[in-house]
Number of protein chains: 2
Amino acid sequence: MRRDIFQAIADPTRRAIIALIAFQAMTPNAIAENFHTTRQAISKHLRILTECELVTQEYQGREIYYSLQVEKMKEIDTWISQYRTLWQKRFNQLDKVLLTMKNQKNEK
Amino acid sequence: MRRDIFQAIADPTRRAIIALIAFQAMTPNAIAENFHTTRQAISKHLRILTECELVTQEYQGREIYYSLQVEKMKEIDTWISQYRTLWQKRFNQLDKVLLTMKNQKNEK
DNA sequence: TATATTTGCAACCGAATGGTTTCTTAATTA
DNA sequence: TAATTAAGAAACCATTCGGTTGCAAATATA
């Protein structure tokens, strides 16, 4: 069962979990309280997130605290950054067009 | 059939298609040549990408040129940027730790 | 006009997905 | 010690997914 980070963030519930534990570690029960699903379903999501190393576990007695591995999110950022230059370039081209139009106006 | 941009980029083949048409528009046939699947499979992927407005079609005779809608990619960038500040903050904290260690060393 | 090419669509198939219920294990707590 | 609580694992189920084959429509070409 290969886990991909892009597949992990594809599910809206998992993205919500990520947002939830981004600032403080939480137990599966505490996380599940925020959703209209069973704790077991959340547990499954957490397993997927753990498998692709997006979250880490910290055992504390019988409780397990899950926290976001922010560093792992960089992988998505790296991927999207390929295209960032593209839309910035497009923006610059638009900018140039506007500038040209402005100059043409001034020349009249 | 609701289409989500995060679900769209979850599939590796679709990410490859995105990379392929990022710089020049291409027809389904031309795109399919780069993969070990049938043209119909690629067509399905293109449909999904079109439905979530990640790609646009341009009809030219009987051919259809698909091109990436780079602007749409910003949505992912916006999402990831929430967490960018988090890992930058973490980096700064590490920076601070290193600085403190350096200072302690100097004080000895 | 007849044939070839490009494409999308529908039907089908096996595998994966997200969810549930039930059960077990381990740690608390009364 | 007995009961409770937190959590994961397994079995199951309906739905979706990614792929295939086969077909129809539209355009281009002989």
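Since the structure is predicted, the reported quantities are computational estimates derived from the model, not experimental observations. Throughout, a chain's letter reflects where its sequence line sits, starting with A, and its residues are numbered from 1.
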Next on the checklist: Between A/Arg14 and A/Ala8 (side chain of the first, backbone of the second, donor and acceptor by atom type, cut-off under 3.5 Å), is there such a pair?
Outcome noted: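 Flag set: sc A/Arg14 to bb A/Ala8 pair under 3.5 Å.
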Checklist entry - Are any side-chain N or O atoms of A/Ser43 and backbone N or O atoms of A/Gln40, one a donor and one an acceptor, separated by less than 3.5 Å? => result no
Compare all side-chain heavy atoms of [X] with those of [Y] and state whether any distance is below 4.5 angstrom.
X	Y	result
A/Tyr65	A/Ile21	no
A/Gln57	A/Tyr66	yes
A/Asp77	B/Tyr83	no

Distance in angstrom units between [X] [atom1] and [N] [atom2], rounded:
X	N	atom1	atom2	value
B/Gln57	C/dT6	CD	P	17 Å
B/Ile9	D/dG18	CD1	P	13 Å
A/Phe35	C/dT20	CZ	C1'	17 Å
B/Ile64	D/dA28	CD1	C1'	15 Å
B/Tyr65	C/dG8	OH	C1'	17 Å
A/Asp4	C/dA16	CG	C1'	14 Å
A/Arg47	C/dT17	CZ	P	11 Å
A/Phe6	D/dG18	CZ	P	15 Å

Next on the checklist: For A/Gly61 and A/His36, find the nucleotide of DNA chain C closest to each by heavy atoms; which residue's nucleotide sits nearer the 5' end?
Outcome noted: A/His36
Checklist entry - With no angle test and no hydrogens, is the base of D/dT27 tied to the side chain of B/Arg62 by a donor-acceptor pair under 3.5 Å? => result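 Yes, the side chain and the base share a sub-3.5 Å donor-acceptor pair.
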Item to check | Salt bridge present between B/Asp4 and A/Arg15 (N-O < 4.0 angstrom) | outcome: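 A salt bridge links B/Asp4 with A/Arg15.
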Checklist entry - For DNA chain C, what residues of residues 37-46 of chain A have any heavy atom nearer than 4.0 Å? => result A/Thr37, A/Thr38, A/Gln40, A/Ala41, A/Lys44, A/His45
Item to check | Which atom of B/Ser81 lies closest to which atom of B/Thr78, heavy atoms considered | outcome: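 Shortest heavy-atom separation between B/Ser81 and B/Thr78 comes out as OG-O, 2.6 Å.
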Checklist entry - Taking only side-chain nitrogens and oxygens of A/Asn29, does any of them come within less than 4.0 Å of OP1 or OP2 of D/dA7? => result yes
Next on the checklist: Under 4.0 Å from OP1 or OP2 of C/dG18: is there any side-chain N or O of A/Arg14 that close?
Outcome noted: yes
Item to check | 5′-ward residue of the pair B/Gln60/A/Tyr59 relative to DNA chain D | outcome: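 Upstream on the strand: A/Tyr59.
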Item to check | Listed nucleotide nearest any side-chain atom of A/Pro28, set D/dC17, C/dG8, D/dA7 | outcome: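 The closest nucleotide is D/dA7.
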